[in-house]
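Here is the structure we will look at, set down as structure tokens.
Quick note on labels: first sequence line is chain A, next is B, and so on, each numbered from 1. What you see is a predicted model; the values in this text were computed from it and never measured.
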Amino acid sequence: MGELSGLYALWYREVKVFLRERSRIISSIVNPIIWLVAFGGGLGSTISFGGADYQTFIFPGVLMLTVLFTSIFFGLYIVWDKRMDFFKEVMVAPLSRLTLFTGKMMGGCTDSLLQGSFLIIIGLFFNIKYTPYSLALVILFLLFLSAATTSLGLAIGAQLSSFEGFGLIQSFVIMPLFFLSGALYPLENLPEWLLVVTRVNPLTYIVDGMRGALLGLNHFPIWMDIGVGLVFMVTMILAGTLSFMRMH
Amino acid sequence: MIIETFGITKVFKALVAVDHINLSVEEGEIFGLLGPNGAGKTTLLSMLATILKPTEGTAKVNGYDIIHQPAKVRKSIGMVFQAPSSDELLTGWENLYLHAMMYGVPSNVRRSRIDEVLELVDLKDRAKDLVKTYSGGMRRRLELARGLLHKPKILFLDEPTLGLDPQTRSHIWDYIRRLSKEEGVTVLITTHYMEEADALCDRVAIIDHGKIRALDSPANLKMKVGKSMIRAKVKNPNVEKIKSLPYVSKVEAKDGDVTIILSEVGAHIQEVLCNLGEASFVELRDPTLNDVFLQLTGRGIREESAESWEEKLIQVRTNG
């Protein structure tokens with residue numbers, strides 16, 4: 001019971017802070033629109049894939065981008081929390097590290113899923129058609145993605161003691177995860193090395209699953225996309241829990 | 001004994017921050033750890049709060065071992081950290097509400113407990129405002145309130161008035177006294193303000209370089225220095241003559257600045273001044289805890305406030 005209400009407290013804090021920070025919400029709506037309008041619209045004037053115009057084609061990718069960035073930065077933000085003394089107060093609370101991790105993780109997931117939902121609504125203005133089935137699948141993939149990448153961010157952040165490594169994480173984790181996932185291009189006809197790299201990147205399967213659900217353009221069978229997403233999420237949650245146990 | 005330490009020790013690389021300290025605190029008292037920055041007070045407190053693991057030795061807090069029963073220790077204590085630790089992005093009320101949930105305060109008494117502690121620190125009318133908008137003194141009060149929310153038996157206060165103005169400081173002292181009296185909590189407080197230890201604590205342990213140098217009530221500690229002091233500016237003080245007077249216990253002279261420690265100053269001041277030489281300035285005062293510290297270590301508490309790099313390193317580490 002104590003752990004459960006502690007969990008709720010940790011989650012409540014993150015959601016409360018998120019809803020209070022209007023500027024973050026606004027930028028989370030504006031950024032993807034810029035991607036869709038400027039990048040999608042610009043490039044889309046000359047190219048299209050599989051019968052879908054480019055703007056529509058990258059919509060699942062932009063959805064992933066939004067959730068990925070929100071989640072992973074939320075996780076990494078634990079570095080800042082650790083430096084601020086209010087987190088010390090959380091660390092002294094009679095709560096297990098598992099609860100601490102789960103509460104933070106669920107808070108981060110809620111934040112990024114809320115942002116994802118704004119974008120799903122915005123999608124209506126960009127000719128995205130939803131069915132109950134496709135909507136359910138998209139939400140499932142976003143859940144995998146946000147739980148996995150929030151955990152990844154938390155796992156890394158719990159081990160860092162300063163922001164010094166942030167540039168490196170951006171260059172070697174976040175950017176490759178996104179750009180090597182097929183979020184912005186189809187998975188056919190890729191050069192050999194890129195073909196291998198995209199198949200190793202779990203985000204490839206998540207974006208593929210969403211594209212399949214929304215546009216009917218999957219490269220892999222849906223069960224494979226779901227399977228990889230699930231394994232990715234479970235692995236990252238385990239990594240995050242372990243990292244929290246070792247944090248001091 | 002509600003707190004008892006057994007040879008508790010913490011070593012950071014080459015530095016022994018806390019050196020085999022044995023200490024017991026009685027239930028209901030306000031106990032002070034007084035010493036300069038880097039003396040090991042915060043390190044000791046952090047170990048008792050189970051934030052840091054001792055290198056050697058252990059301690060019992062409310063009957064629970066800090067190494068083997070940390071969760072039970074944590075439930076028994078309330079902690080107010082040196083640096084502000086309330087969440088700026090939330091309101092005062094929300095801070096308390098979260099704390100109540102994290103410490104397992106039953107949901108049916110949560111709201112009434114929050115009202116109670118808010119009343120105790122006079123923050124009721126600002127409870128719905130964001131902590132960002134609070135003054136330093138208000139944040140401290142909020143943190144005190146939070147420390148009490150789960151009715152801990154022991155309250156740990158790490159430099160509770162650091163950086164506050166004198167008026168706010170004396171207010172905080174009033175609150176702490178009231179808490180100790182009305183709630184019956186044991187208070188363990190670290191400070192490098194001798195006035196604070198003097199005004200607030202039932203007993204004080206003077207700590208320097210990780211060791212306890214003296215432990216007693218402030219009055220007794222000062223008594224050991226001597227009943228009273230005379231400070232005078234004299235060009236050529238007759239130090240030897242003064243030293244030979246039977247009621248003088250100590251004389252120090254430095255650049256024409258003479259400090260004499262003696263008993264029954266009222267009866268003897270005439271004779272002392274006659275023998276001392278021509279004084280351009282005379283001041284009578286009671287000894288302070290700083291004098292006690294001076295006598296024990298040969299330097300003042302404040303002189304050490306410029307911290308060495310090692311001590312800074314430790315502070316960064318324990319804070320981070």
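- For the pair Phe81(B)/Val92(A), a side-chain contact is recorded, criterion being any heavy-atom separation below 4.5 Å from C-beta on.
- Between the OH atom of Tyr8(A) and the CG atom of Leu98(B) there is a distance of 9.5 Å, given to the nearest 0.5 Å.
- Put simply, of His99(B), Lys72(B), Met79(B), the one with the most heavy-atom pairs under 4.5 Å next to chain A is His99(B).
- Side chain of Arg74(B) to main chain of Met91(A): a donor-acceptor pair is present (N/O by atom type, distance under 3.5 Å, no hydrogens or angles).
- For Glu88(B), no part lies near chain A; criterion is any non-hydrogen pair under 4.5 Å.
- To the nearest 0.5 Å, the span separating CG on Leu7(A) from CE on Met102(B) amounts to 12.0 Å.
- Contact record, Pro94(A) with Ala71(B): CB-O, 4.0 Å, taken as the closest heavy-atom pair.
- Atom CZ of Phe166(A) sits in a crowded spot, with more than 12 heavy atoms from other residues, nucleotides or ligands closer than 6.0 Å.
- Closest non-hydrogen pair, Arg20(A) versus Leu89(B), comes out as NH1-O, 3.0 Å.
- Within 6.0 Å of CZ in Phe172(A) there are 12 or fewer heavy atoms belonging to other residues, nucleotides or ligands.
- Remark: side-chain polar atoms of Ser5(A) are paired, donor with acceptor, to backbone N or O of Met101(B) under 3.5 angstrom.
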